[in-house]
Amino acid sequence: MLTKVKMPLPDMMAAALAMDESILDADQVENLIKFCPTKDEMELLKNYTGDKDLLGKCEQFFLELMKVPRVESKLRVFLFKIQFNSQVTDFKKSLNTVNSACEEVRHSLKLKEILKKILYLGNALNQGTARGSAIGFKLDSLLKLTDTRATNNKMTLMHYLCKVLASKSPSLLDFHVDLVSLEAASKIQLKSLAEEMQAIIKGLEKVKKELEASETDGPVSEIFRKTLKEFVGVAEAQVDSVKDLYSVAGRNADALALYFGEDPARCPFEQVTATLLNFVRLFRKAHEENLKQAELERKKVQKEEMENAKGVNLNKKGFK
């Protein structure tokens, strides 16, 4: 690692203590952390009484690091500061995706109408049975529409639904346009969001502890303390904002399951979005297959009409 360092070691450590991101990037700081001396290595150097100028570059590097109290902690704080803005930005993006997907689904009038028609269709098919007067259905029933087939085994209930909608309510066929955030949201795990939230909170706590500990370091940490104090002031406000957004996303995720009459504990956000996304894909596929089948039938009729017309012309010629 040191062979790649193009600046004097004291200058590199000065940049690290100043938390100067224009000189050191995240990869370089991670390398500094990785190669921090162990306790045994520091003890060996502390007990060394020879000429320090005769030491190798690695030992010289260790000596520079050892001049700074809790150097590894400070470097980890610097790394957190470098990554903080992008980490928070990415996290907010995920939270906003969750919120958008929940809002889009719950406010889609087209989806609501399609669900009503599915319920009506199910009741019509089950008329006269115990399941013929249902007031609702489980969310995963949406994926079972492709399991029920007509006697010719070609058309499924999903095909039939699309055919009915195309005939009577064609404006509902593009309901997926309302759900632009659904696919992105289906890739998000709430557990991962919780872990990310904790990582941000704990990271800031470690920063504040190091700021407090560095008060007794003396002049060596003066610039470090000043820079870090400014960062903490800004970061605290951002973390509080993210906490609020995270709480909203959690409430929206639960509300999405409840919207479909499901228990959020048994049918979590991930399951709801995955089911809805699969339904959208199956629906669109069935509709496309209906269109292709209709086109084939149209061409078949057209061909038969042309053949019949040729037959009529030949008969006329024969008659003459």
Side-chain angles (χ1 to χ4, degrees), residues 97 99-186 252 255-263 267 269 271-309:
T97 297
N99 289 331
S100 295
C102 292
E103 290 294 310
E104 289 163 11
V105 170
R106 289 167 59 196
H107 289 91
S108 173
L109 296 178
K110 291 184 179 182
L111 175 61
K112 190 180 291 186
E113 283 302 311
I114 287 175
L115 296 178
K116 285 181 184 178
K117 292 187 184 301
I118 291 171
L119 178 61
Y120 175 80
L121 184 59
N123 282 333
L125 289 171
N126 293 311
Q127 191 173 11
T129 70
R131 295 184 297 174
S133 301
I135 58 170
F137 55 86
K138 300 292 289 181
L139 186 64
D140 61 5
S141 297
L142 291 173
L143 305 184
K144 296 175 183 177
L145 295 173
T146 55
D147 296 339
T148 306
R149 292 182 173 273
T151 51
N152 63 8
N153 209 35
K154 290 182 179 179
M155 179 177 282
T156 67
L157 200 54
M158 186 74 84
H159 289 101
Y160 181 72
L161 170 67
C162 292
K163 194 171 184 179
V164 170
L165 291 175
S167 173
K168 298 183 178 180
S169 307
S171 62
L172 299 180
L173 290 169
D174 67 345
F175 76 98
H176 61 275
V177 174
D178 294 346
L179 315 177
V180 291
S181 304
L182 184 59
E183 185 169 359
S186 70
N252 278 334
L256 183 63
L258 293 170
Y259 176 74
F260 292 103
E262 301 285 356
D263 180 355
C267 187
F269 174 78
Q271 188 174 331
V272 175
T273 53
T275 300
L276 289 173
L277 184 62
N278 282 334
F279 171 68
V280 168
R281 287 171 175 168
L282 291 171
F283 181 97
R284 296 183 70 183
K285 182 183 177 185
H287 177 54
E288 287 171 8
E289 287 172 351
N290 282 350
L291 292 176
K292 287 178 182 177
Q293 185 60 35
E295 180 63 16
L296 287 173
E297 290 174 1
R298 187 188 68 78
K299 286 182 177 179
K300 184 180 178 182
V301 170
Q302 191 178 43
K303 185 179 178 182
E304 288 174 353
E305 289 176 347
M306 288 176 67
E307 287 175 352
N308 289 336

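FYI, side chains are in, hydrogens and waters are out, and symmetry mates aren't considered; it's all heavy atoms of this structure.
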Quick one: closest heavy-atom pair of [X] and [Y], and the distance?
X: His159; Y: Ala286; value: CD2-O, 3.5 Å
X: Glu104; Y: Leu182; value: OE1-N, 4.2 Å
X: Leu142; Y: Phe137; value: CD2-CE1, 3.8 Å
X: Ala101; Y: Ala185; value: CB-CB, 3.5 Å
X: Ile118; Y: Leu161; value: CG1-CD2, 3.7 Å
X: Phe269; Y: Cys102; value: CE1-SG, 3.8 Å

Task: Donor-acceptor contact present, side-chain Glu262 to main-chain Leu139, <3.5 Å - done: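 Yes, because the side chain of Glu262 sits within donor-acceptor range (under 3.5 Å) of the backbone of Leu139.
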
Open item on the list: Using a 3.5 Å distance criterion without hydrogens, assess whether the side chain of Ser186 forms a donor-acceptor pair with backbone atoms of Glu183.
Closed with: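 Checked: pair present.
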
Take atom [atom1] of [X] as the centre, draw a 6.0 Å sphere, and report whether it contains more than 12 heavy atoms from other residues, nucleotides or ligands.
X: Arg284; atom1: CZ; answer: no
X: Lys163; atom1: NZ; answer: no
X: Tyr259; atom1: OH; answer: yes
X: Ile135; atom1: CD1; answer: no

TODO: Inspect the contact between Lys116 and Glu113 and indicate whether a charged nitrogen and a carboxylate oxygen are less than 4.0 angstrom apart.
DONE: yes

Task: Lys/Arg N to Asp/Glu carboxylate O, Lys285 vs Glu288, below 4.0 Å - done: no

Non-hydrogen side-chain atoms of [X] and [Y] separated by less than 4.5 Å:
X: Leu109; Y: Phe175; value: no
X: Asp174; Y: Lys110; value: yes
X: Thr156; Y: Leu282; value: no

Open item on the list: What I want to check is whether the side chains of Gln293 and Glu289 have a donor and an acceptor closer together than 3.5 Å.
Closed with: no

